[in-house]
*Asks:* 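The structure that follows is given in the form of structure tokens.
Excluded from the calculations below are hydrogen atoms, water molecules and symmetry mates; all remaining heavy atoms, backbone and side chain alike, are included. By convention in this document, chain letters (A, B, ...) are assigned in the order of the sequence lines, proteins followed by strands, and residues within each chain are numbered from 1.
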Protein chains: 2
Amino acid sequence: MAEGGAGPGGGESLLFLTDDQLRKGIEAMFFAYRGFTADPDRILERHEYGRAHHRAMHFIHRSPGTTVNNLLSILGVTKQSLNRVLRTLIDDGLVESRVGRKDKRERHLFLTEKGTALERELSEAQRGRMRSAYRAAGPQAVAGFRQVLEAMMEPEMRRQYQTLKDAGA
Amino acid sequence: MAEGGAGPGGGESLLFLTDDQLRKGIEAMFFAYRGFTADPDRILERHEYGRAHHRAMHFIHRSPGTTVNNLLSILGVTKQSLNRVLRTLIDDGLVESRVGRKDKRERHLFLTEKGTALERELSEAQRGRMRSAYRAAGPQAVAGFRQVLEAMMEPEMRRQYQTLKDAGA
DNA sequence: ATTTTATGTCAGCCTTGTTGACTTTCCAAG
DNA sequence: CTTGGAAAGTCAACAAGGCTGACATAAAAT
């Protein structure tokens with residue numbers, strides 16, 4: 001069966017590709033994702049919002065002034081679906097939608113002060129858990145974590161992720 | 001801000017705990033989870049099932065003869081929600097529900113031949129992606145990946161995961 | 001002037017989660 | 001033996017958040 005090649009050592013270094021190891025990885029993803037969303041979910045419930053609102057706010061915060069189409073392609077949902085969420089956020093005064101100056105068809109999205117506050121509350125909760133996990137696992141583990149996740153993404157999403165990643169630092 | 005302490009080196013080894021690094025980890029989880037579910041989702045669509053059916057089949061395959069209550073606590077949904085999914089799987093002949101021998105209130109769940117076939121199709125697709133990701137990232141990265149995910153789980157889910165993990169090997 | 005693009009909106013559908021109420025079965029304690 | 005409670009199943013109603021299709025409007029592009 002396929003001599004991997006990439007690994008430095010022989011034999012034992014391929015143990016991580018057995019079906020059993022892969023299954024463990026799959027289950028780890030499943031259980032970890034629940035933890036990943038648990039804290040924001042609790043906060044969102046208090047505010048009568050859902051994960052969809054969190055995702056929208058996250059990426060608007062990340063790229064202030066982003067257009068609806070842009071957000072659509074990042075989130076990977078239909079405009080009808082996003083619109084429902086966006087409308088409630090705009091109505092509740094968390095998001096502001098400004099008509100484009102150059103292209104007046106476009107709407108540019110921004111978090112209001114109120115929106116920024118909730119986004120911070122959510123992301124602080126989420127970062128809190130991520131920080132503990134990172135601290136517990138250590139820098140090397142974190143690097144590996146990120147490498148595997150990146151390799152797991154669909155190519156288009158990886159591009160989106162890379163773009164965002166670079167914009168940040 | 002908080003001198004971590006756990007890390008071996010000083011200064012630079014804490015770079016991975018900056019808010020920006022944490023945010024990148026959060027976005028990586030988000031985009032990677034989409035990739036993680038993409039392949040099974042495509043297969044499920046052809047069979048007119050959803051992710052909920054996949055999850056149920058996965059854990060029934062993992063622990064044949066598990067009870068409904070057991071499955072409930074692993075999946076973290078209500079019995080009404082699980083029951084709906086389970087009923088269609090039973091009606092369609094993918095899952096068999098056997099009355100407990102010792103405690104006849106309990107139902108023990110098993111995959112039928114047909115159920116085993118679909119489960120294999122789904123898990124092979126999912127393992128395929130996981131395998132490429134693992135291969136691309138290498139054994140060290142995989143170890144780190146698993147460490148961070150484990151640290152991210154809620155304590156109760158980590159126990160579930162550990163139990164399953166040990167049962168496998 | 002026409003077509004294309006970006007956005008919004010209405011209506012309707014599906015899956016998958018929720019609560020609450022109720023029944024049946026059956027083990028176990030009194 | 002009766003009764004309490006746990007395990008399981010079922011029915012009803014509802015909500016979030018996906019989806020498709022159809023249509024409207026404004027503005028950019030051709």
*Asks:* So if I take residues 37-60 of chain A and measure heavy-atom distances to DNA chain C, which residues fall below 4.0 Å?
*Replies:* none
*Asks:* Between A/L109 and A/L71, what is the shortest heavy-atom contact and its length?
*Replies:*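 For A/L109 and A/L71, the tightest heavy-atom pair comes out as CD1-CD2, 3.7 Å.
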*Asks:* We want to know whether A/H53 and A/T88 form a side-chain donor-acceptor pair, criterion being a heavy-atom distance below 3.5 angstrom.
*Replies:* yes
*Asks:* What is the minimum heavy-atom distance between B/L15 and B/Q21, and which atoms define it?
*Replies:*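 Smallest heavy-atom distance, with atoms named: O-CG, 3.2 Å.
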*Asks:* Write down the atom of A/L118, the atom of A/I43, and the distance for their closest heavy-atom approach.
*Replies:* CD1-CG2, 4.3 Å
*Asks:* Using the ring of A/F36 (Phe, Tyr or Trp, six-membered ring only), decide whether A/R129 places NZ or CZ under 6.0 Å from its centre and within 45 degrees of its axis.
*Replies:*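 No, cation not above the ring by the 6.0 Å, 45° rule.
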*Asks:* Nearest 0.5 Å, please: how far is CG in B/N83 from CD1 in B/I90?
*Replies:*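 That separation rounds to 7.5 Å.
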*Asks:* Grab the two heavy atoms, one from A/E154 and one from B/A38, that are nearest each other, plus how far apart they are.
*Replies:*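 That would be OE2-CB, 3.8 Å.
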*Asks:* Could you tell me which non-hydrogen atom of B/R107 sits nearest to which non-hydrogen atom of B/S97, and how far apart they are?
*Replies:* CB-OG, 3.5 Å
*Asks:* Is there a donor-acceptor pair under 3.5 Å between the side chain of B/K114 and the backbone N or O of B/D92?
*Replies:*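 Here the side-chain-to-backbone pair exists.
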*Asks:* Please give me every residue in residues 63-82 of chain A whose heavy atoms get under 4.0 Å of an atom in DNA chain D, ordered by residue number.
*Replies:* A/G76, A/V77, A/T78, A/Q80, A/S81
*Asks:* Checking B/R55 now: which residues fulfil side-chain contact (heavy atoms from CB on, under 4.5 Å) with it, not counting sequence neighbours?
*Replies:*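 B/R55 satisfies side-chain contact (heavy atoms from CB on, under 4.5 Å) with A/F30, B/R51, B/A52, B/L75 once adjacent residues are dropped.
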*Asks:* What residues in residues 26-33 of chain B put a non-hydrogen atom under 4.0 Å from any atom of DNA chain D?
*Replies:*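 Those residues whose heavy atoms fall under 4.0 Å from DNA chain D, taken from residues 26-33 of chain B, amount to none.
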*Asks:* Under 4.0 Å from any heavy atom of chain B: name the first and the last nucleotide of DNA chain C that qualifies, 5' to 3'.
*Replies:* C/dT16 to C/dC27
*Asks:* When you compare the side chains of B/H58 and A/E27, does any donor N or O come within less than 3.5 Å of an acceptor on the partner?
*Replies:*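 Per modelled atom types, B/H58 and A/E27 side chains form a pair under 3.5 Å.
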*Asks:* Treating B/T66 as the side-chain partner and B/I60 as the backbone partner, does any N or O pair qualify as donor plus acceptor under 3.5 Å?
*Replies:* no
*Asks:* Measure across B/L86 and B/A56 and return the closest heavy-atom pair with its distance rounded to 0.1 Å.
*Replies:*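 Shortest heavy-atom contact: CD1-CB, 4.4 Å.
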*Asks:* Given atom CG of B/L109 and atom P of D/dA7, what is their separation to the nearest angstrom?
*Replies:* 15 Å
*Asks:* Contact list please: residues 92-107 of chain A against DNA chain D, heavy atoms, distance less than 4.0 Å, in numerical order.
*Replies:* A/K102, A/D103, A/K104, A/R105
*Asks:* Applying a 4.0 Å non-hydrogen cut-off, can you work out what B/R84 is touching in the nucleic acid: base, sugar-phosphate, or nothing?
*Replies:* base
*Asks:* Measure the acute angle between the ring planes of A/F16 and B/Y134, then classify it against the limits of 30° and 60° as parallel, tilted or perpendicular.
*Replies:*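 Because their plane-to-plane angle is under 30°, the rings of A/F16 and B/Y134 count as parallel.
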*Asks:* Hey, does A/Y33 have a side-chain heavy atom less than 4.5 Å from the side chain of B/L149?
*Replies:*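 Answer no - side chains too far apart.
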